[in-house]
Visitor: 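Take a look at the following structure, please.
Computed from a prediction, not measured in an experiment: that's the story for all the values here. One-based numbering, in listed order, for ligands and for the atoms of each.
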Amino acid sequence: MAEQHSSKSIMWATIIVAAILIAVIYPLTANKGGSTATTSSAADEADIRIQPVARFELAKAEAPAASGPRDGATIYNTVCGACHNTGAAGAPKIDDKAAWAPRLATGKDALIKSLTNGKGAMPPKGGATLSDDEIKGAVEYVMGKAK
Ligand code: HEC
């Protein structure tokens, strides 16, 4: 009997809570229903509500262009390291100072030219699409590391 009583009161408690929730939520939704005018304003409100998210997505999509050229370290790690970290294709390894010394001696402009046009087994621009600034940055990064 006691058990039955408590399950009954749980049932009533549930019904009361549900009724309160409906009483609170229904007016909120009912305000926006009705004529077409309020429907379109509800759509506007939905637009406004998703705007911060939409703006964030836009900002993310535009980020690469807005952030300008990638820096030398980024280029090196994504493009050049494949060969210059391992010596693949006979590339001078980044930490092989003896291999770099005569190349560094030719000067930055010559190295930029080698990278731009390709040299030996190295394809032009290391096989990637790089702007002039990015080529310069990558060469400067390599020169700094290989010294
Ligand atoms: C496919 C492998 C490969 C990739 C990728 C690559 N290199 Fe090279 N790199 C080489 C090889 C091989 C040489 C040696 C070429 C030679 O002297 O015949 C070389 C030489 C160089 C030299 C010396 C050029 C000279 O005049 O002696 C520089 C500077 C250089 N690489 C920078 C880079 C940079 C910066 C990147 C990334 C943007 C890059 N490399 C990507 C293979 C590569």
Visitor: Taking only heavy atoms of G126, which atoms of ligand 1 are found under 4.0 Å from at least one of them?
Guide: 5 (C), 41 (C)
Visitor: Show which atoms of ligand 1 fall inside a sub-4.0 Å distance from at least one heavy-atom site of S114.
Guide: 24 (C), 25 (C), 26 (O)
Visitor: Which one of T106, L111, I112 satisfies the side chain to side chain contact (heavy atoms under 4.5 Å, CB included) criterion with K108?
Guide: I112
Visitor: Is the shortest N/O to N/O distance between W100 and ligand 1 below 3.5 Å?
Guide: no
Visitor: Short list, please: which atoms of ligand 1 are under 4.0 Å from a heavy atom of C83?
Guide: 1 (C), 2 (C), 3 (C), 4 (C), 5 (C), 42 (C), 43 (C)
Visitor: Going by the atom numbers of ligand 1, which of them fall below 4.0 Å from some non-hydrogen atom of G120?
Guide: 18 (O)
Visitor: Any N/O/S atom of M122 sitting less than 2.8 Å from atom 8 (Fe) of ligand 1, backbone or side chain?
Guide: yes
Visitor: Tell me whether atom 8 (Fe) of ligand 1 has H84 as a neighbour, meaning an N, O or S atom of it below 2.8 Å.
Guide: yes
Visitor: Using a 4.0 Å cut-off to any heavy atom of A121, which atoms of ligand 1 qualify?
Guide: 12 (C)
Visitor: If you round to the nearest 0.5 Å, how far is OG of S114 from CE of M122?
Guide: 6.0 Å
Visitor: In the protein, which heavy atom is nearest to atom 34 (C) of ligand 1, and how far is it?
Guide: C80 SG, 3.4 Å
Visitor: Which residue owns the protein heavy atom closest to atom 15 (C) of ligand 1, what's the atom, and how far is it?
Guide: K119 O, 3.3 Å
Visitor: Output the list of atoms in ligand 1 that are nearer than 4.0 Å to some heavy atom of L130, sorted by atom number.
Guide: 38 (C)
Visitor: Tell me, do N85 and K93 make a side-chain contact under 4.5 Å, heavy atoms counted?
Guide: no
Visitor: Would L115 count as a contact of ligand 1 if the rule is a heavy atom under 4.0 Å away?
Guide: yes
Visitor: Under 4.5 Å between any side-chain heavy atoms of Y76 and H84, yes or no?
Guide: yes
Visitor: In this structure, would I16 and I25 fall into the same cluster of hydrophobic residues linked by side-chain contacts under 4.5 Å?
Guide: no
Visitor: Record the part of A88 in heavy-atom contact with ligand 1 below 4.0 Å; permitted values are side chain, backbone, both and neither.
Guide: neither
Visitor: Which residue holds the protein heavy atom closest to atom 14 (C) of ligand 1, what is that atom called, and what is the gap in Å?
Guide: P92 CD, 3.7 Å
Visitor: Using side chain to side chain contact (heavy atoms under 4.5 Å, CB included) as the criterion, point out the one residue from V79, V139, I75 that pairs with E134.
Guide: I75
Visitor: If we count only N and O atoms by modelled type, under 3.5 Å, do the side chains of D71 and Y141 hold a donor and an acceptor together?
Guide: no
Visitor: Between R103, M143, K108, which one has a non-hydrogen atom sitting closest to atom 17 (O) of ligand 1?
Guide: R103
Visitor: Which of the atoms in ligand 1, numbered in the order shown and given with their element, are less than 4.0 Å from a heavy-atom of A89?
Guide: 12 (C)
Visitor: Taking only heavy atoms of P123 into account, list the atoms of ligand 1 that are under 4.0 Å away from them.
Guide: 1 (C)
